[in-house]
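Following: one structure in structure tokens, then a few remarks.
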Amino acid sequence: MCWNTSSAFTPVALALRGPATRKIVRTLGDAAHLLINDWPSDDGEEYVAAVKACVDAITGKISPERFREALLLAADEAGIAALTIVPLGVTERRPDLRSAAPR
């Protein structure tokens, strides 16, 4: 099980409402905690799909990046703003991200 690994998992920042207003999800463990403890609603189709995808990623059935896609869909469904985090220096390794990097 890969609870706290982040291989191929591009971090995402989420703007929630309430006491836990800003969260950065870097690992599958972060995501599981967020989905279970801090998610504003637990009855959406995309939320349920994201929880299942998180379990599937933790057990190695799907890639962490595929889970991330499910998380972004769940965030959209819940009205949660999501922002991809591009670490400094990544544009040298990934020229396709140059236009997304802050200037």
Side-chain angles (χ1 to χ4, degrees):
M1 291 195 183
C2 304
W3 281 86
N4 291 311
T5 61
S6 58
S7 63
F9 190 98
T10 305
V12 64
L14 300 170
L16 300 153
R17 296 184 192 108
T21 56
R22 291 181 218 130
K23 297 283 185 178
I24 297 176
V25 179
R26 293 181 179 94
T27 67
L28 296 171
D30 291 345
H33 185 271
L34 174 74
L35 288 167
I36 301 303
N37 296 313
D38 298 323
W39 207 256
S41 173
D42 63 357
D43 62 352
E45 284 182 40
E46 299 296 345
Y47 168 79
V48 173
V51 170
K52 181 182 180 325
C54 189
V55 171
D56 287 348
I58 288 169
T59 59
K61 293 180 183 171
I62 66 170
S63 70
E65 199 63 39
R66 190 155 159 220
F67 157 72
R68 185 180 177 278
E69 293 171 12
L71 178 66
L72 292 174
L73 290 172
D76 186 52
E77 174 185 66
I80 297 171
L83 187 67
T84 296
I85 299 174
V86 180
L88 291 176
V90 78
T91 56
E92 286 75 37
R93 295 187 310 273
R94 297 270 317 267
D96 56 312
L97 294 177
R98 282 199 179 124
S99 61
R103 298 182 192 263

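This one's a predicted model, so the numbers in the text were calculated from it and none came from an experiment.
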Inset, instruction - Check Ala78 against Trp39 and note the closest heavy-atom contact, atom names and distance. - result: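 Minimum heavy-atom contact is CB-NE1, 4.0 Å.
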Inset, instruction - Heavy atoms only: give me the nearest Ala57-Ser63 pair and the separation to one decimal. - result: CB-O, 4.2 Å
Inset, instruction - Tell me, with the steps shown, if Leu16 and Leu34 meet side-chain contact (heavy atoms from CB on, under 4.5 Å). - result: CA-CA 10 Å; Leu16 300 153; Leu34 174 74; 3.5 Å; yes
Inset, instruction - May I have all residue pairs that pass side-chain hydrogen bond (donor to acceptor under 3.5 Å, both in side chains) and include part of residues 75-84, sequence neighbours excluded? - result: Arg68-Thr84
Legend entry - Set of side-chain contact (heavy atoms from CB on, under 4.5 Å) partners for Ala81, sequence neighbours left out: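 With sequence neighbours excluded, Ala81 shows a side-chain contact (heavy atoms from CB on, under 4.5 Å) to Ala15, given in chain and number order.
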Inset, instruction - Using the rule that two of Ile, Leu, Val, Met, Phe, Trp, Tyr join whenever any of their side-chain heavy atoms come within less than 4.5 Å, decide whether Leu14 and Leu73 are in one cluster. - result: no
Inset, instruction - Group every Ile, Leu, Val, Met, Phe, Trp and Tyr by side-chain heavy-atom contacts under 4.5 Å, then state whether Leu71 and Val55 land in the same group. - result: no
Inset, instruction - Not counting sequence neighbours, which residues clear side-chain hydrogen bond (donor to acceptor under 3.5 Å, both in side chains) with Asp56? List them please. - result: Lys52
Output side-chain donor-acceptor pairs under 3.5 Å for residues 43-50, partner residues at least two apart or in another chain, one line each.
residue : atom : partner : partner atom : Å
Asp43   : OD1  : Ser41   : OG           : 2.5
Tyr47   : OH   : Leu35   : O            : 2.8

Inset, instruction - Please report the C-alpha distance between Ile58 and Phe67 in whole Å, then the side-chain angles of each, then the deciding distance to 0.1 Å, and finally whether the side-chain contact (heavy atoms from CB on, under 4.5 Å) criterion is met. - result: CA-CA 9 Å; Ile58 288 169; Phe67 157 72; over 6 Å; no
Inset, instruction - Give, for atom CG of Asn37 and atom NZ of Lys23, the distance between the pair rounded to the nearest 0.5 Å. - result: 8.5 Å
